[in-house]
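Since the structure comes first, as structure tokens, the remarks are kept for the end.
Keep in mind that what you see is a predicted model, and the values were worked out from it rather than measured. Chain A is the first sequence line, chain B the second, and so forth, proteins listed ahead of strands; every chain is numbered from 1.
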Amino acid sequence: MIVETAGLGKRYGAHVALHGVDLAVPRGSVYGLVGPNGAGKTTLLGILAGLRRPTSGTVRLDLPRTKLALLPDTPQFDPWLTGREVVALAAHLVAPGMPPGRVADVLRDAGLAVAADRTVGGYSRGMLQRLGLAATVVSDPELLLLDEPASALDPAGRREVLDLIGHLRGRATVILSSHILSDVQEVCDTVGILREGELRYQGPLDRLLVGRAVPAYRIHLRPPLEPVAQALRTREWVTDVATGDGWLRVGVRSLAQAESGLPAALAACGARVVSLAPEAVDLEDVFLELTS
Amino acid sequence: MTIWRLEVLRLVRTRRLVAIIGIYLFFGLTGPLTARYLGAILGRFATEGVRVDFPPPVPADGIAQFAGNASQIGLLVVVLVASSALAFDARREMAVFLRTRVTGVRAIVIPAYVVNSGAAIAGLVLGSLAAWYETVVLLGGLPVGSMLLGVALGALFLAFVVALVGFVAALVRGVLATAGIAIVTVLILAVIANIPHLGRWLPTSLVGALPSRVRDGAPVDYLPATVVTVVLTVATMAGAVRFGGRREL
């Protein structure tokens, strides 16, 4: 583990921001820290970055502090600096021996090559976010802490930032806090779910989703639907059938049984099938279950 | 790109250096001018039956005019400019950028202090040179030794004030709060300085060193205030580093 905390707690007066958090972040993973607003995500990242002190518990980082970088949710820089100067300053402070072309490379990767010599006071929100990311990765950190990196961006800006994060996979460990669950599901392989300062779940994303998935198929049909539903309910491997507007949700004992039996059962009752697919459980379902 | 260069750029690109140098130069140029012609100007406003007599201006009046304005308006500008640099935690996101990339807050505080106190001293020196030159042209010569000593003691006072700003910035977050508390502290020191026998120990006594030395060359002993100011400057900077390092973001 590159990051481990044990019984981590943080209080602000009477308010408990974190309580007994045992975080375990595997080296090389893209770890999604999800939770509603006020769950303690920013506080946890602040403690890991050394910006806040825990009230209780311990933090163990298996890397030097200089190999850790934090990107706040709304990165801001002195508006009279150019983008190139911001990244050059970041590089000098953390890794002064960087080759001269490193700054230009990072700015190019962030899509800021053209705007590099403009003052950042004129940058858009998305450009600032990408500049923040460029300043974060320029020193080749081993651990990146990204606090809501795409939360306030338009779809295009969000896409760019997610792609940049995706490119970090295999090069560094990333802890990404977000309440945009689709982003986490897209780029993360490990998740931790925080609610009211407590870590409700932690582990690989696929295990979280698979472990909670109830095997089911969603079938879109031409009417009439009811005869098809009745025919399917007679099958031994079908657990339940729910009907909706032009669709059936068919619960099955196992996906394997459905794969072999469902097409035949539908054909036998003359169903006019538009589409047929196993129903996926997404992170949002699990998140709501764990945090509600 | 280093933090030292960052602080220099902050002064240059935000025109704060122009503000500091400009204000001191302005008073340096207008102080002796005012001293030379104030009597004539006010004399023009004399009405029938009322006559205003001014003693003929002497060279010390030119420096006194400059020092009086510089120690008020100039000091205010210095405090505001220094606060904008030393209260670097005022905006969390900007503070995070620097603080997560240095091993200690000292790496941020020291360059900001040195560059800003350097700018303030440069302003004082340039303003004093301007006032000196113009005084010589308009009113007559000035004692070199007294001038140099007075400027040096004024520079030490400015170095103390910037350090005080750094200390206050480590206790409060906002730029205006930092500037306000620092100014109030200096004012309180100035008031306390009126207490007999105590004033000669306080940094604020150094403000009056330049006009006082030039006017009568009185052998006022500035050593106690100098020592106290040096000690306080070092102590407030150490406090700025210590308390700034303990602050959570």
Requested in this report: Answer with side chain, backbone, both or neither: which region of Ala90(A) has an atom nearer than 4.5 Å to a non-hydrogen atom of chain B?
Outcome: both
Query raised in the report: Side chain, backbone, both or neither: which part of Leu81(A) has an atom under 4.5 Å from a heavy atom of chain B?
Result: both
Report task. Would you indicate whether Leu176(B), at its atom CG, is surrounded by more than 12 heavy atoms from other residues, nucleotides or ligands within a distance under 6.0 Å? Result -> no
Query raised in the report: Step by step, would you call Leu98(B) with Leu93(A) a side chain to side chain contact (heavy atoms under 4.5 Å, CB included)?
Result: CA-CA 8 Å; Leu98(B) 289 177; Leu93(A) 291 177; 4.1 Å; yes
Query - Partners meeting side-chain hydrogen bond (donor to acceptor under 3.5 Å, both in side chains) with Glu4(A) (sequence neighbours left out) - result: Arg60(A)
Query raised in the report: Can you name the one residue among Pro75(A), Pro72(A), Pro79(A) that meets side chain to side chain contact (heavy atoms under 4.5 Å, CB included) with Met94(B)?
Result: Pro79(A)
Query - Contact origin within Val103(A) toward chain B - heavy atom pairs under 4.5 Å - result: neither
Query raised in the report: Given that the side chain runs from C-beta out, which part of Ala135(A) has a heavy atom under 4.5 Å from chain B: side chain, backbone, both or neither?
Result: both
Check chain A against chain B and list any donor-acceptor pairs under 3.5 Å.
| residue | atom | partner | partner atom | Å |
| --- | --- | --- | --- | --- |
| Lys10(A) | NZ | Glu248(B) | OE1 | 2.9 |
| Lys10(A) | NZ | Glu248(B) | OE2 | 3.0 |
| Leu51(A) | O | Leu249(B) | N | 3.0 |
| Arg52(A) | NE | Leu249(B) | O | 2.5 |
| Arg52(A) | NH2 | Leu249(B) | O | 3.4 |
| Arg53(A) | N | Glu248(B) | OE2 | 3.2 |
| Arg53(A) | NH1 | Arg246(B) | O | 2.9 |
| Arg53(A) | NH2 | Arg246(B) | O | 2.8 |
| Thr74(A) | OG1 | Glu93(B) | OE2 | 3.3 |
| Gln76(A) | OE1 | Arg91(B) | NE | 3.2 |
| Gln76(A) | OE1 | Arg91(B) | NH2 | 2.7 |
| Asp78(A) | OD1 | Arg10(B) | NH1 | 3.3 |
| Trp80(A) | O | Arg13(B) | NH1 | 2.9 |
| Glu85(A) | OE1 | Arg13(B) | NH1 | 2.7 |
| Glu85(A) | OE2 | Arg13(B) | NH1 | 3.4 |
| Glu85(A) | OE2 | Arg13(B) | NH2 | 2.7 |
| Ala135(A) | O | Arg101(B) | NH2 | 3.1 |

**Report entry** Within 6.0 angstrom of His19(A) NE2, more than 12 heavy atoms from elsewhere
**Finding:** no
Query raised in the report: Highest number of heavy-atom pairs under 4.5 Å with chain B: which of Leu68(A), Leu51(A), Leu70(A), Val86(A)?
Result: Leu51(A)
